[in-house]
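Report on the following structure.
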Amino acid sequence: MMATQPEKPHYFDAVYEVVRQIPRGRVTTYGAIADFLALGSARMTGWALRNIAGTEDVPAHRVVNRVGELSGRHHFPSPTFMRRMLEREGVKVVKDRVSDFDNVFWNPADELL
DNA sequence: TGTTTGACCACGG
DNA sequence: GCCGTGGCCAAAC
């Protein structure tokens with residue numbers, strides 16, 4: 001029978017929704033998302049993104065840590081996938097870190113109200 | 001059921 | 001700027 005399937009927490013959908021709004025060529029942080037949602041914590045954002053497997057509509061590569069490092073790169077099909085994707089969008093990445101982070105940082109709390 | 005672990009972050013020194 | 005510490009909250013063990 002239909003055993004009770006583990007439903008996706010609302011928190012997941014909330015995170016995905018915000019990540020989908022990140023404009024091309026911009027990035028945001030785990031903390032900014034958690035802060036904007038006023039739910040959970042930065043760690044939960046990473047936890048939600050890790051569970052993203054199968055949801056390709058979400059540009060998870062546009063989420064970096066607070067100093068612009070591609071801390072989640074090892075969770076992509078290839079360690080270079082995240083960097084490749086960002087560079088293709090015009091984001092300059094040097095040594096797995098967004099060099100002009102302050103300029104490309106997109107804060108949902110500011111832009112997405 | 002207690003401990004450890006994470007795609008993290010703010011803060012103090 | 002670096003480092004240690006505490007907070008965060010759910011999953012995995």
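Below, read A as the first sequence line, B as the second, and so on, with proteins coming before strands; counting in each chain starts at 1.
Extent of DNA chain C lying under 4.0 Å from chain A heavy atoms, first and last nucleotide in 5' to 3' order, is dG7(C) to dA11(C).
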Mind listing the side-chain donor-acceptor pairs of residues 71-82 of chain A below 3.5 Å, one per line with the distance, residues two or more places apart or on another chain?
residue	atom	partner	partner atom	Å
Arg73(A)	NH1	Leu70(A)	O	3.1
Ser78(A)	OG	Thr80(A)	N	3.2
Ser78(A)	OG	Thr80(A)	OG1	3.0

Show every donor-acceptor pair shorter than 3.5 Å between a side-chain atom in residues 92-105 of chain A and any protein atom, with sequence neighbours excluded, or say none if there are none.
residue	atom	partner	partner atom	Å
Ser99(A)	OG	Lys92(A)	O	3.4

Do nucleotides 6-13 of chain B as a string where each nucleotide becomes B, S or -: B if the base has a protein heavy atom under 4.0 Å, S if just the sugar-phosphate does, - if no protein is that close. BBBSS---
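For dT3(B) and dG6(C), the P atoms lie 16 Å apart once the distance is rounded to whole Å. Here the separation of dG4(C) from dA7(B), taken at their C1' atoms, is 22 Å to the nearest Å. Between dA10(B) and dG1(C), the distance separating the two P atoms is 14 Å to the nearest Å.
Atom CG of Asn51(A) sits about 4.0 Å away from atom CZ of Phe12(A), to the nearest 0.5 Å.
The side chain to side chain donor-acceptor pair (under 3.5 Å) check on Glu69(A) picks up Asn65(A), with sequence neighbours excluded. For Arg20(A), the side chain to side chain donor-acceptor pair (under 3.5 Å) test picks out Glu17(A), with sequence neighbours left out.
Residue pairs meeting the side-chain hydrogen bond (donor to acceptor under 3.5 Å, both in side chains) criterion with at least one member in residues 36-47 of chain A, sequence neighbours excluded: Tyr11(A)-Thr45(A). Residue pairs meeting the side-chain hydrogen bond (donor to acceptor under 3.5 Å, both in side chains) criterion with at least one member in residues 22-35 of chain A: none, sequence neighbours excluded. Every pair passing salt bridge (charged side-chain N to carboxylate O under 4.0 Å, His left out) that includes a residue from residues 58-68 of chain A is listed here, sequence neighbours excluded: Arg62(A)-Glu89(A).
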